[in-house]
Amino acid sequence: MTFVFWFSVAAILYAYFGYAVVIWTAAALFGKDCARRPDSISVSIIVTAYNEGTNIQRKIENLLATNYARGPIEYICVSDGSTDNTAEILRRYESSVLRVIVNTDRRGKESCQKQAIDASNGEVLVFTDVGTTFESSAIGTLVENFADTSVGCVSSTDKVLTSNGEIDGEGLYVKYEMWLRTLESRLGSLIGLSGSFFAIRKILCDNWATDRDSDFLAAANTVQRGMRAIADPRTIGYYRSLESPKAEYARKVRTVARGMRAFFRNISAINPLTHGRFALQLLQHKLLRWLVPIFMITALVSNAALVAQSETNYALPLFVLQVGFYAAATFGGGLSNRRAFAALRIAAFFVTANVAILTAWYRFLTGAEFTTWQPSRRA
């Protein structure tokens with residue numbers, strides 16, 4: 001029980017802190033910057049939508065405000081069997097540069113993306129969600145990275161916008177993840193992109209799978225073709241805070257379960273002999289992170305067993321500390337004052353995220369399918 005407890009604690013700490021130290025050190029020693037310059041490249045911007053009638057007009061206007069003059073640009077919007085007025089609104093904006101594809105049945109996000117890929121003309125494809133907005137110059141800065149011939153795809157940097165500009169638990173976590181992506185990018189390649197806003201060379205999309213998350217798929221395809229997936233800290237994708245925490249929880253479960261399926265269908269990618277650093281990053285950043293909720297359970301159970309055995313002086317204080325943390329997280333989850341109770345909300349976010357991962361393990365192991373998606377409604 002002593003070994004199980006300390007191993008579980010060490011695994012949790014390494015997953016969230018140790019890996020960051022390792023990747024920071026490696027990036028400092030072996031990091032490589034991207035050679036950016038404003039080349040002339042044709043671009044296709046792809047948006048998929050399901051029942052986004054309240055948000056799609058804002059998204060289209062954000063797209064049309066794009067200031068990109070280094071090559072031809074086109075917009076392709078796909079309505080995935082929407083039952084509201086999404087398709088009707090898209091039709092109003094249809095033109096020679098904005099093409100609309102309307103599916104009467106639901107096919108799934110990646111399936112709609114593949115439709116748009118097949119219809120696109122750009123050398124670089126930019127994928128962006130309805131709930132994400134960006135500056136008019138963002139496409140230009142994103143595309144500059146492709147002047148480096150080693151770069152196959154580029155991820156934007158996520159930034160959460162709340163109604164009053166404050167950072168909640170998710171916002172802090174997003175900042176941490178963006179920092180890790182910057183380090184992984186300098187070291188060699190990302191293992192996953194910001195699915196809400198990223199760009200990829202079209203030549204890397206010829207085997208686009210419709211049953212795997214596109215953010216992981218794009219990075220994996222890129223690395224398998226001997227190129228890099230990088231992050232651009234200059235290019236920001238803004239999205240608003242969540243309107244429904246329950247819907248966001250469901251999104252986390254769905255995203256992680258799909259990620260697990262993609263991971264195990266590409267299990268050869270974890271072989272460091274063939275994929276080097278990418279394989280090691282995949283094991284540590286993805287698989288180990290997904291195992292954290294299991295380690296949380298084993299840490300609590302083994303700690304309780306040590307208290308019952310009364311063989312150590314540290315067992316009871318650490319058990320009280322664990323129980324207190326979970327109690328604080330439960331309390332913090334119901335708070336609305338983000339500034340005064342930030343620490344409690346962060347604890348709540350951490351626990352909720354790991355409960356979602358645990359639920360995703362169940363969904364994955366029982367064979368649940370997530371070919372369609374329900375966008376999270378944001379404030």
Residues passing the salt bridge (charged side-chain N to carboxylate O under 4.0 Å, His left out) test with Arg36, sequence neighbours excluded, are Asp232
Using the test salt bridge (charged side-chain N to carboxylate O under 4.0 Å, His left out), find all partners of Glu94 that sit at least two apart in sequence or belong to another chain. Arg91
Sequence neighbours excluded, every pair satisfying side-chain hydrogen bond (donor to acceptor under 3.5 Å, both in side chains) that has a member inside residues 116-128: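 Listed once each, the pairs are Ser42-Glu123, Lys59-Thr128, Glu74-Asn121, Lys114-Asp118, Ser120-Lys202.
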Cation-pi check, Arg201 to Phe146: give yes when NZ or CZ is under 6.0 Å from the six-membered ring centre and within 45° of the ring axis, no otherwise. no
So, the side chain of [X] versus the backbone of [Y]: is there a donor-acceptor pair under 3.5 Å, distance only?
X	Y	value
Asp213	Asp215	no
Ser155	Ala231	no
Tyr238	Glu135	no
Arg70	Gly140	yes

Report the residues that fulfil side-chain hydrogen bond (donor to acceptor under 3.5 Å, both in side chains) with [X], sequence neighbours left out, ordered by chain and then residue number.
X	answer
Asn62	none
Ser189	none
Asp84	Thr86

Side chain to side chain donor-acceptor pair (under 3.5 Å) between Thr210 and Ser111, worked out: CA-CA 5 Å; Thr210 59; Ser111 180; 5.4 Å; no
How many angstroms lie between CZ in Arg363 and CH2 in Trp361, if you round to the nearest 0.5 Å?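 Nearest 0.5 Å value for the CZ-CH2 distance: 15.0 Å.
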Identify whether Met296 and Tyr362 are in the same connected component of the hydrophobic contact network (ILVMFWY, side-chain heavy atoms under 4.5 Å). no
